[in-house]
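See structure below.
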Amino acid sequence: MFELAQLRCFTAVATELNFRRAAQRLNMTQPPLSRQIQLLEHQLGVALLSRNTRTVALTAAGRAFFVEAQSLLERAEMAAVSARRFAAGDIGSVTIGFVGSAVYEFLPRVIAEAREQQPHINIALTEMNTAQQQEALRARRIDLGIARAPLNEPGFVSERLVREPFVLAVNHAHPLATRPAVAVNDLHGEPFLMYSHAAYAPFNELLTGMFRSAGVTPDYVQWLGSSLTILALVNAGLGLALVPRCATNVVFKEVVFHTMNLGDGVQSELHLIGRADNDNPACKMLLEAIRAAV
């Protein structure tokens with residue numbers, strides 16, 4: 001099969017229709033140029049050029065092959081450029097897992113800014129809870145995760161992106177809705193909507209532990225998997241809930257939010273998690289864009 005070097009020799013001669021000028025263009029002498037053309041014609045089994053001591057012309061087969069040869073050389077150059085850009089992280093694809101509440105404020109802003117900085121990187125988003133993200137990273141199904149807890153295992157890296165307080169979500173008809181301030185003790189015995197352990201283990205453990213430490217026992221009426229679902233039920237008057245402050249961006253007309261003092265350790269966090277051995281260059285570039293956006 002012919003080589004790219006032979007195609008370059010042929011296209012130079014086909015463009016110049018002169019071996020001397022073609023050789024100068026390629027920075028080579030005429031004998032090896034002629035030899036490359038002869039080898040190409042031999043491999044193809046057709047004459048591409050008709051030549052005598054004074055003129056060079058393309059044969060009918062040569063004219064057809066000239067078009068294809070130019071296309072092949074362009075595609076080869078594009079492939080080389082793509083490989084270099086992929087290695088540099090300028091192009092490529094990154095798959096990110098994320099917890100649903102990250103879309104309330106953090107994720108759209110960060111992804112928009114990251115895409116502005118790295119417009120040629122394709123970002124695929126898939127919603128997962130924290131445990132699902134950790135498993136997907138172990139199986140290499142995603143490149144990065146935006147989770148509620150770090151992944152403290154050998155071979156993985158984690159960094160905290162966001163730390164914010166929880167706020168109390170109350171239906172506007174509830175007596176606590178008009179209180180100037182609400183304390184943890186005020187939630188004792190109240191119907192309460194709690195994050196389920198299966199879907200949101202970090203929040204479940206943090207909030208139930210806080211209640212136990214305070215000696216407060218809400219009446220847990222539902223265990224749910226997302227802040228959006230919890231707020232919808234608060235809106236329907238089915239209970240109270242503690243949600244991350246970013247969830248206040250979701251508007252329910254019957255829901256009132258109260259700031260509460262839950263203690264310094266009771267904070268909602270988002271962590272960026274990934275594999276230490278991830279060799280996707282686009283992932284590294286996107287990481288820098290995410291950090292800059294944060």
Side-chain angles (χ1 to χ4, degrees), residues 82 85-153 155-164 166 195-204 206 224-232 241 243-252 267-294:
S82 294
R85 292 183 65 188
F86 186 86
D90 292 335
I91 59 174
S93 178
V94 178
T95 301
I96 302 177
F98 66 96
V99 291
S101 54
V103 303
Y104 299 150
E105 178 182 11
F106 171 79
L107 188 62
R109 173 174 55 82
V110 169
I111 294 302
E113 293 184 24
R115 278 183 166 158
E116 184 175 345
Q117 294 184 41
Q118 300 294 335
H120 301 293
I121 294 178
N122 178 53
I123 303 173
L125 300 173
T126 179
E127 185 176 355
M128 303 175 169
N129 63 40
T130 296
Q132 290 170 334
Q133 288 183 51
Q134 293 174 346
E135 182 56 34
L137 278 173
R138 295 185 188 102
R140 298 182 184 271
R141 293 195 301 271
I142 61 174
D143 292 293
L144 298 171
I146 297 176
R148 285 298 178 187
L151 183 52
N152 297 319
E153 296 180 11
F156 296 90
V157 292
S158 302
E159 56 186 274
R160 189 172 67 198
L161 296 174
V162 174
R163 196 166 194 254
E164 62 179 354
F166 286 90
Y195 292 92
S196 72
H197 189 275
Y200 260 77
F203 282 4
N204 177 283
L206 184 65
L224 302 160
S226 77
S227 298
L228 182 62
T229 304
I230 287 173
L231 289 176
V243 296
R245 185 173 59 191
C246 65
T248 61
N249 292 310
V250 182
V251 178
F252 285 96
Q267 299 277 329
S268 164
E269 295 183 350
L270 282 176
H271 293 261
L272 185 66
I273 58 177
R275 297 185 64 94
D277 62 354
N278 190 322
D279 61 354
N280 182 348
C283 183
K284 296 177 182 178
M285 296 297 290
L286 187 62
L287 269 173
E288 295 177 7
I290 290 174
R291 292 183 182 118
V294 173

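Keep in mind that the numbers below use all heavy atoms, side chains included, and drop hydrogens, waters and symmetry copies.
Thr229 is linked by a side chain to side chain donor-acceptor pair (under 3.5 Å) to Ser226, counting only residues two or more places apart in sequence or in another chain. Listed by chain and number, the residues in a side chain to side chain donor-acceptor pair (under 3.5 Å) with Asn129 amount to none (sequence neighbours excluded). Residues forming a side chain to side chain donor-acceptor pair (under 3.5 Å) with Glu159 (at least two apart in sequence, or on another chain): Arg291. Residues meeting the side chain to side chain donor-acceptor pair (under 3.5 Å) test with Arg245, sequence neighbours left out: none. Under the ring-ring contact (aromatic ring centres under 6.0 Å, His included) criterion, Phe166 pairs with Phe203, not counting sequence neighbours. For Arg140, the salt bridge (Lys or Arg N to Asp or Glu O under 4.0 Å) criterion is met by Asp277, not counting sequence neighbours.
Two residues are said to be in side-chain contact when any heavy atoms from C-beta on lie closer than 4.5 Å; Val110 and Leu161 fail this criterion. Side chains of Arg148 and Pro244 form a contact here, defined as non-hydrogen atoms less than 4.5 Å apart. Side-chain contact between Arg275 and Val157 is absent, with no heavy atoms from C-beta onward closer than 4.5 Å. Between Val99 and Gln133 there is a side-chain heavy-atom pair separated by less than 4.5 Å. No side-chain heavy atom of Met128 sits under 4.5 Å from any side-chain heavy atom of Phe98. Counting only heavy atoms from C-beta outward, the side chains of Thr126 and Arg141 never approach each other to under 4.5 Å.
Side-chain N or O atoms of Thr130 include none that pairs as donor or acceptor with a backbone N or O of Ala147 at under 3.5 Å. Counting only distance, with no hydrogens or angles, the side chain of Arg163 and the backbone of Ser268 share no donor-acceptor pair below 3.5 Å.
Atom CG of Leu125 is separated from atom CD1 of Ile96 by 6.0 Å, given to the nearest 0.5 angstrom. For the atom pair Leu270 CG and Arg160 CZ, the distance stands at 11.0 Å (nearest 0.5 Å). With rounding to the nearest 0.5 angstrom, the CD1 atom of Ile111 is 6.0 Å from the CD1 atom of Ile146. Rounding to the nearest 0.5 Å gives a distance of 9.0 Å between CG of Leu144 and CD1 of Ile273. Interatomic distance, CD of Glu153 versus CD of Gln134, reported as 6.5 Å (0.5 Å rounding). Note that CZ of Phe252 is 5.0 Å distant from CG of Leu228, once rounded to the nearest 0.5 Å.
Annotation for Phe156 and Leu151: closest pair CD2-CD2, 3.4 Å, computed over non-hydrogen atoms. Pairing each heavy atom of Ala241 with each of Ile230, the nearest pair is CB-CG2, 3.2 Å. The two residues Ala102 and Pro108 have their closest heavy-atom pair at O-CD, 3.8 Å.
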